[in-house]
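The structure appears right after this line, and notes come after that.
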Amino acid sequence: MQEKYNPHVIEREAQDHWAQRNAFRALETPGQKKYYCLSMFPYPSGKLHMGHVRNYTIGDVLSRYHRMRGYNVLQPMGWDAFGLPAENAAMANRVPPAQWTYDNIAYMKKQLVALGFAIDWEREIATCKPDYYRWNQWLFLRMLERGLVYKKTGVVNWDPVDQTVLANEQVIDGRGWRTGALVEKREIPMYYMAITKYADELLSALDTLSGWPERVKTMQANWIGKSHGVRFAFPYEAPATQGSAAEKGLLWVFTTRADTIMGVTFCAIAPEHPLATRAAQPNPQLAAFIAECRRSSVMEADLATMEKKGMPTGIYATHPLSGEKVEIWVGNYVLMSYGEGAVMAVPAHDERDFHFAKRYDLPIKQSIAVAGQSFSTDGWQPWYADKETGTCVNSGKYDGLAYEPAVDAIAAALKALGLGEKQVLWRLRDWGISRQRYWGTPIPLIHCGACGDVPVPDADLPVVLPEDCVPDGSGNPLNKRADFVNCSCPKCGQPAKRETDTMDTFVDSSWYFMRYACPDQKNAMVDERAHYWPPVDQYIGGIEHAILHLLYSRFYTKVMRDLGLVKVDEPFSKLLTQGMVLNEIYFRKIGNGRISYYNPADVDVTVDESGKRLGATLRADGAPVESGGMGTMSKSKNNGVDPQALIEDYGADTARLFMMFASPPEDTLVWNGAGVEGASRFLKRMWNFAYEQRAAFGDANGPIDWASAPDALQQARREIHAALKQASHDFGKFQFNTVVSATMKMLNALERAAGAQPAQRALVLEGMSILLRVLAPITPHITHALWRELKLGEDLLTAPWPEFDPGALAAAEIELVLQVNGKLRGNIRVAADADRAAIEKLALDNANVRKHVGDQAVKKVVVVPGRLVNIVV
RNA sequence: GCCGGGAUGGCGGAAUUGGUAGACGCACCGGACUCAAAAUCCGGCGGUAGCGAUAUCGUGGGGGUUCGAUUCCCCCUCCCGGCACCA
């Protein structure tokens, strides 16, 4: 045995050992409990960052732990390889996205291997390869056949200089990130997936996901957003204009507060609403306002935070129940994509309408009252919107009705008029999957002048993406590739054009977990092995994916089930949402709204004497940079920390141990390398202890009568088994930081108790056998080496998880805390089986307790068995 | 703005889910070893008062429930994640 811990040597040896045995290859073994453990696959951005190390270490710890628990474990890995950063890199470096991507994959794979993850690399997939995305195309066509894919227009960010559609991320302060040009909204035809057809099941099935965090289920439920309300219409008359004749029509709106209908004083429509367009024809001011709205962001977050503005259309509608005239306004806060793109406005009982009415001096009419509260238009009060205790007032025959009966009566009245009825509305919208970008899955359609949009026949799949394009930032380079675009129509054989839009990369990641079951299957999307492995038993990934990725994956699973491809209803039985790993963000604005980000490792922070931050400068040029606060480690913010230096300096085990010890996996973690030293020190200490004690191992020890062993030994053994009990319990809670702390307690206890006596040697042997197994999932290399050096068994990979000895935990005496009126006043030792009366007497006899009780009467004595005595005076 | 989450010593965090707040580490301070340093080992380490026993304050801020609140309830502040084209 080597005297010194040398991580690089033992890690190489352990990894060779596993590789030679093909130890992590997963086979479909009938009769054995399977455990499909999956960490979200990475985008190959270049190098791993600490968020990856955290994610994949958690997955590996759980995989190895379950292997020790006797499960047939599958842990695969792959690459979410299509996406925008590859195109950005291509523009910067003049290298095709494909080459950049494959280079990154090669480098990052090397890093994953160096970290010793128990991955079945035979199942590796990359979504940018035709043998994968072929099945994106195939499923797209099946969905098209079933009406689950359809075409309609959608709104995108348009850079008028580059003539290019921009991602939200590429719009900074309303300007294109490369050109600095003011971005416009533009409507273009796109393909949509009808996820709303599954809205009901996506919502109700959340109840079956007992292994998911409540917060994620809540977020999904709110996102799907089922709301019950009333859809109804305001009849209106639009006067004749130069362009169009006078028109009578119905303005449809949706509301969840039909009980406030008699408080309506105006209506508001989205700038994109057809009625707004019509009203703008004779009204240049309104047209200018609508044009201004067109220049605003497409992002909901921007829309919701911007100043609420509006303008009257001059068109009046008739209130369907009161017959009053109400004016129709255009409001920049009304979303065309939700409901009807129009709302009834009740300033008295809707906060947004209230502020809008105040701003434009529109009437405010109370129609709900709460007993004991008086209404005023001076300022908004939360009770104005209270539907629990409010009743209708100033509402004619609905006066006095509470929320539910009022909604029922009003819906019935509208229905009788043929002007509306109750309706369920979803916040969830269909999923627009078209991207006007090169580096993605080609949408398998052909546009023929005679036949229209024609699906590519299955036999012609995949539609292969040429891998040698270099995007230049203006438009989709596929449009310039005649060899890609020009084709013949599969129906009529005439010359035709291939669709050049590609699919949203969320499509790629919505079913990859199914493909891992059978990545080598060339003739089908999935085969019968997808009836063995799915669902994923444990999914692990960042909390930032709580809604979109997880919802799309659930949708895809249900679609694949309904196509008979898989048998599961849900893709992920248990979900662990890892907290973000944050780091400082530094940037400079380099003009035209463009931003350049600098890695914190290249930035010096200056502080004053009290440690307060004064500023930050870029080391390269000494000039100041701005702080962008804390944010997720990412390529786009250039604030990732490459784990490579950590691995090279300390080894994979230290990197893994440190990551697991730093915080519980679900917590946000602000990156700070301090503490790595401590993790490394612990492993060295364990190695040194094993080296010193190596003589205790190997020879047979007789059975030890622990009950007659010295107290100090019994105490040490109690500590070890208590720590084991805690560690086993904490594994179930995913609380790996306290598992690590338990192993530290074990080593502390062993170091104190070690010695040459037979019982001491037996304790060291038992303790190390437990310690190494508990630590094995976290630091697999050093534990593998020590397990063999100490001759504790053959291969630690398959050693069973240790069970604690309840007998070791029993103590003859226990300590009880004494309180007077809830304040700590001392403690006593009592026999473990002491009865209540004896405990009370001992407590009341305690000198410090007597001092604090004094001559006050004891009102009550609370005894919590095994914990404390509280004397209430 | 809306939805979800978080805040505990100088730092990361713990507290068997209502029962001794600060486990286990990091940093720091003192000591041993050393010519010296590093490494290692031993000890200390929330604030205030006290030589000490001990007292008192203390889990983002304010209020409440309880014999007892980091934990449960109400209000507020700040930070993080998501908001449909970053992945």
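Model, not experiment: these values are computed from the prediction. Just so you know, these numbers use all the heavy atoms, side chains as well, and skip hydrogens, waters and symmetry mates.
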Margin query: Classify A:Arg435 by what it touches in the nucleic acid, base, sugar-phosphate, or nothing, heavy-atom distance under 4.0 Å.
Written below: base
Check: Given the C1' atoms of B:G60 and B:C80, what is the spacing between them in whole Å?
Finding: 15 Å
Next item on the list: Please report the closest heavy-atom contact between A:Met40 and A:Gly541, naming both atoms and the distance.
Entry: SD-CA, 3.5 Å
Note to self: Under 4.0 Å, heavy atoms only, any strand: does A:Thr218 hit a base, just the sugar-phosphate, or nothing?
What the structure shows: sugar-phosphate
Checklist line | Touch class at under 4.0 angstrom, heavy-atom based, for A:Pro42 against every strand present | finding: nothing
Check: Are A:Gln436 and A:Asn476 linked by a side-chain donor-acceptor pair shorter than 3.5 Å?
Finding: no
Check: Does B:G22 have a Watson-Crick or wobble partner in any strand here, with both distances under 3.5 angstrom, and which is it?
Finding: none
Notebook entry, point to check: Which listed nucleotide (B:C80, B:A84, B:U20) is nearest to the side chain of A:Leu582?
Noted result: B:C80
Next item on the list: Report which part of the nucleic acid A:Glu815 touches: base, sugar-phosphate, or nothing (heavy-atom distance under 4.0 Å, all strands).
Entry: base
Note to self: What contact category does A:Asn748 fall into here, base, sugar-phosphate, or nothing, at under 4.0 angstrom with non-hydrogen atoms?
What the structure shows: sugar-phosphate
Next item on the list: Would you name the heavy atoms of A:Leu202 and A:Leu206 that are closest together and state the gap between them?
Entry: O-CG, 3.4 Å
Note to self: By nearest atom, which of the nucleotides B:A84, B:C24, B:G82 is closest to the A:Ile547 side chain?
What the structure shows: B:G82
Next item on the list: Remember a base hit wins even if backbone is also touched, and classify A:His852 as base, sugar-phosphate or nothing at under 4.0 Å, heavy atoms.
Entry: sugar-phosphate
Check: Nearest of B:A84, B:G13, B:A87 to any side-chain atom of A:Asn737?
Finding: B:G13
Note to self: For A:Tyr552 together with A:Trp431, are the ring centres under 6.0 Å from each other?
What the structure shows: yes
Check: Are any of the side-chain nitrogens in A:Arg257 or A:Asp350 under 4.0 Å away from the carboxylate oxygens of its partner?
Finding: no
Check: Can you tell me how far P of B:A38 sits from CZ of A:Arg681, to the nearest Å?
Finding: 13 Å
Notebook entry, point to check: Taking it one step at a time, do A:Glu584 and A:Lys637 satisfy salt bridge (charged side-chain N to carboxylate O under 4.0 Å, His left out)?
Noted result: CA-CA 9 Å; A:Glu584 302 279 353; A:Lys637 297 282 193 296; over 6 Å; no
Check: For A:Val676, which contact category applies under a 4.0 Å heavy-atom criterion: base, sugar-phosphate, or nothing?
Finding: nothing
Next item on the list: Please state the P separation for the pair B:A38 and B:C28 - nearest whole angstrom.
Entry: 11 Å
Notebook entry, point to check: Take atom NZ in A:Lys725; do more than 12 heavy atoms of anything else shown fall under 6.0 Å from it?
Noted result: no
Margin query: Both distances below 3.5 Å, Watson-Crick or wobble geometry, any strand: find the nucleotide opposite B:C83.
Written below: B:G1
Margin query: Is A:Ser636 close enough to B:C86 that one of its side-chain N or O atoms is under 4.0 Å from OP1 or OP2 there?
Written below: no
Item checked: Inter-nucleotide P distance (B:A14, B:A84), Å rounded -> 33 Å
Next item on the list: Under 4.0 Å between any heavy atoms, over every strand shown, what does A:Val156 touch: base, sugar-phosphate, or nothing? Just pick one.
Entry: base
Check: With rounding to whole Å, what would you report as the distance between B:C83 and B:C26 at their P atoms?
Finding: 39 Å
Next item on the list: Could you work out the separation of B:G10 and B:G47 based on their C1' atoms and round it to a whole Å?
Entry: 13 Å
Next item on the list: List the steps, then state whether salt bridge (charged side-chain N to carboxylate O under 4.0 Å, His left out) holds for A:Arg836 with A:Glu840.
Entry: CA-CA 6 Å; A:Arg836 196 190 152 102; A:Glu840 274 190 35; 3.0 Å; yes
Notebook entry, point to check: Using atom P of each nucleotide, how far apart are B:G25 and B:C42 to the nearest Å?
Noted result: 11 Å
Check: Starting at CD1 of A:Ile778 and ending at C1' of B:C24, how long is that distance when rounded to a whole Å?
Finding: 13 Å
Notebook entry, point to check: With a non-hydrogen cut-off below 4.0 angstrom, is A:Trp223 in contact with a base, only sugar-phosphate, or nothing?
Noted result: base
Notebook entry, point to check: Between A:His549 and B:A84, is there a side-chain N or O to OP1/OP2 distance below 4.0 Å?
Noted result: no
Note to self: Would the base of B:C67 count as contacting A:Gln819 through its side chain, where contact means a donor and an acceptor less than 3.5 Å apart?
What the structure shows: no
Next item on the list: Would you mind classifying the nucleic acid contact of A:Gly579 as base, sugar-phosphate or nothing, using non-hydrogen atoms under 4.0 angstrom?
Entry: nothing
Next item on the list: Name the pairing partner of B:U40, where a pair is Watson-Crick or G-U wobble with both distances under 3.5 Å, or state none.
Entry: B:A32
Checklist line | Distance, rounded to the nearest Å, where A:Glu300 contributes CD and B:G82 contributes P | finding: 15 Å
Notebook entry, point to check: Looking at B:C67, does its base get a donor-acceptor pair with the side chain of A:Asn870 below 3.5 Å?
Noted result: yes
Notebook entry, point to check: For A:Gln436, which contact category applies under a 4.0 Å heavy-atom criterion: base, sugar-phosphate, or nothing?
Noted result: base
Notebook entry, point to check: Which one, B:G19, B:C24, B:G81, comes nearest to the side chain of A:Val862?
Noted result: B:G19
Next item on the list: Tell me what A:Met190 touches on the nucleic acid: a base, only sugar-phosphate, or nothing, going by heavy atoms under 4.0 Å.
Entry: base
Margin query: Nearest to the side chain of A:Asn168, heavy atoms from C-beta on, is which of B:C85, B:C80, B:A87?
Written below: B:C85
Checklist line | Nucleotide forming a Watson-Crick or wobble pair with B:G52, both distances under 3.5 Å | finding: none
Notebook entry, point to check: What does A:Leu84 touch in the nucleic acid at a heavy-atom separation under 4.0 angstrom: a base, only the sugar-phosphate, or nothing?
Noted result: sugar-phosphate
Margin query: Can you tell me which nucleotide in B:C26, B:C80, B:A14 comes closest to the side chain of A:Pro664?
Written below: B:A14
Margin query: Roughly how many Å apart are B:A23 and B:G46, using the P atom of each and rounding to a whole number?
Written below: 8 Å
Next item on the list: Between B:C76 and B:A21, how far apart are the P atoms? Round to whole Å, please.
Entry: 31 Å
Item checked: Residue matched to B:U77 through Watson-Crick or wobble contacts both under 3.5 angstrom -> B:A7
Check: Is there a side-chain polar atom (N or O) of A:Arg427 under 4.0 Å from OP1 or OP2 of B:A84?
Finding: no
Next item on the list: May I ask you to say what A:Thr632 touches in the nucleic acid, namely base, sugar-phosphate or nothing, with a heavy-atom cut-off under 4.0 Å?
Entry: sugar-phosphate
Check: Given atom CZ of A:Phe506 and atom P of B:G82, what is their separation to the nearest angstrom?
Finding: 10 Å
Check: Where the side chain of A:Ser663 is defined as all heavy atoms beyond and including C-beta, which of B:C80, B:G13, B:G19 is the nearest nucleotide?
Finding: B:G13
Checklist line | Under 3.5 Å donor-acceptor, A:Thr738 side chain and A:Ser741 backbone | finding: no
